[in-house]
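Note on naming: letters A, B, ... go to the chains in the order of the sequence lines (proteins, then strands), and numbering restarts at 1 for each one.
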Number of protein chains: 2
Amino acid sequence: MENQEIRDAGLKVTGPRVKILEILDRAGERHLSAEDVYRLLLESGDEVGLATVYRVLTQFEAAGLVERHNFEGGSSVFELNKGEHHDHIVCVICGKVVEFIDETIEKRQRQIAVEKGFEIADHSLTIYGRCNNPACSRRKEKGG
Amino acid sequence: MENQEIRDAGLKVTGPRVKILEILDRAGERHLSAEDVYRLLLESGDEVGLATVYRVLTQFEAAGLVERHNFEGGSSVFELNKGEHHDHIVCVICGKVVEFIDETIEKRQRQIAVEKGFEIADHSLTIYGRCNNPACSRRKEKGG
DNA sequence: AGACTAAATGCAAAAGCTTCTCATTTATTG
DNA sequence: CAATAAATGAGAAGCTTTTGCATTTAGTCT
């Protein structure tokens, strides 16, 4: 059961924490900001303070339960950590996010870190572009 | 002359702009936050408002004169755009930044974008780790 | 079950970073 | 040198995130 994950993180199993975990779980591959999580909580009729949402997300991040990403634009977004690292490709128009894993890139990164005398702690690769949604892609705009 | 770059960007050649460009130039590969630039201006005896620094940096970014990076931790940092794209490896302890270019990674990114149906606009790859500075590297901390 | 304690929560205030407003100043053009 | 649109400075305001503190709660021990 999921509550065990909270317990394993050394945190008390409280209403807000369980609910936030549920919301992230339901969000699947979507990335939610603290505001998003807060709004979804309210919509579910749960009275949780925004400060608590921030606190819990930060704790979950520290515990490795969730990952925080800082894409372009003010706020951080969060997603459940499913164990395997992945990078992101983000549509700059509609905000759609696709996750990917590429071992070639991972390997080169490790090599580069060694070359530069660094010991890798983490990395973040985000590609920004336009997705193939008609509203986003920029096909040759014929002299319309 | 550098002032021409400002003019080419469609901006008036003003004291603040020239000085900010100079500061970024002197900074070389170091990455400066808006605050950093502001402080350096004051230290040079130039009275420029922080708001102006932000405005000018944003304009320079829009004009392609500088690049903005959002590494972990609150604020954006800026560096002069020397024309060639590069990625970064950042020391999470001392903040040191090393730039690198890797064609293998670049190529894979283009392939991935195509696979996922995206048209690349930009990308950002940052590796976080500990540099080989004794104070930063985490050699097996022998007892004592 | 009831009591105890450290942790968690909610709220509002505060803190960073960045942008905006607007009166004043300045670069540029004729 | 006058005219004018753009740029500036100072502070207010905006956003996201954190913090302080009184109150509530989960987990533990009887």
Roughly how bent is the helix from C:dA1-D:dT30 to C:dG30-D:dC1 end to end, in steps of 10 degrees, with each end axis from five pairs? 30°

Measure the distance from CD on A:Gln4 to P on D:dG27 and round it to the nearest whole Å. 11 Å

With the sugar-phosphate defined as primed atoms, P, OP1 and OP2, and the base as all remaining atoms, what B/S/- string results for nucleotides 20-30 of chain C, 5' to 3', for protein heavy atoms under 4.0 Å? BB----BBS--

Write down the distance between CG (A:Asp46) and C1' (C:dA8), rounded to a whole number of angstrom. 16 Å

Is A:Arg39 salt-bridged to A:Glu43, cutoff N-O under 4.0 Å? no

Which part of the nucleic acid, if any, lies within reach of A:Glu47 when heavy atoms closer than 4.0 Å are counted: base, sugar-phosphate only, or nothing? sugar-phosphate

Rounded distance (Å) that lies between atom P of D:dT18 and atom CZ of A:Arg68: 6 Å

A:Arg39 has an atom CZ; how far is it from atom P of D:dC15, in whole Å? 13 Å

Can you confirm whether B:Lys82 is buried at NZ, in the sense that more than 12 heavy atoms of other residues, nucleotides or ligands lie under 6.0 Å from that atom? yes

Between the side chains of A:His88 and A:Glu79, does any donor sit under 3.5 Å from an acceptor? yes

Less than 4.0 Å between a side-chain N and a carboxylate O, is that true for B:Glu103 and B:Arg110? yes

Please report the interatomic distance CG(A:Asp36) to NE2(A:His31), rounded to the nearest 0.5 Å. 12.0 Å

Indicate, with a heavy-atom threshold strictly under 4.0 Å, whether B:Ser76 touches base, sugar-phosphate, or nothing. sugar-phosphate

Using 0.5 Å steps for rounding, measure from the CD atom of B:Glu99 to the NE2 atom of B:His85. 10.0 Å

Applying side-chain hydrogen bond (donor to acceptor under 3.5 Å, both in side chains) to B:Ser137 and B:Asn132, what does each step give before you reach the verdict? CA-CA 5 Å; B:Ser137 66; B:Asn132 52 13; over 6 Å; no

Could you tell me how far apart B:Glu35 (CD) and C:dT19 (C1') are, to the nearest whole angstrom? 14 Å

Members sharing B:Ile93's hydrophobic cluster (side chains within less than 4.5 Å): B:Phe71, B:Val77, B:Val90, B:Val92, B:Val97, B:Tyr128

OH of A:Tyr38 versus P of D:dC15: gap in Å, rounded? 16 Å

Roughly how far, to the nearest 0.5 Å, is CG of A:Asn81 from CD of A:Glu5? 9.5 Å

Rounded distance (Å) that lies between atom P of C:dT9 and atom CD1 of A:Ile20: 8 Å

Within this structure, what is the CG-to-C1' distance between B:Asn70 and C:dT18, rounded to whole angstrom? 12 Å

D:dT17 phosphate, OP1 or OP2, under 4.0 Å from A:Tyr54 side-chain N/O: yes

Both A:Gln59 and B:Ala34 contact DNA chain C. Taking the nearest nucleotide for each, which residue is further toward the 5' end? A:Gln59

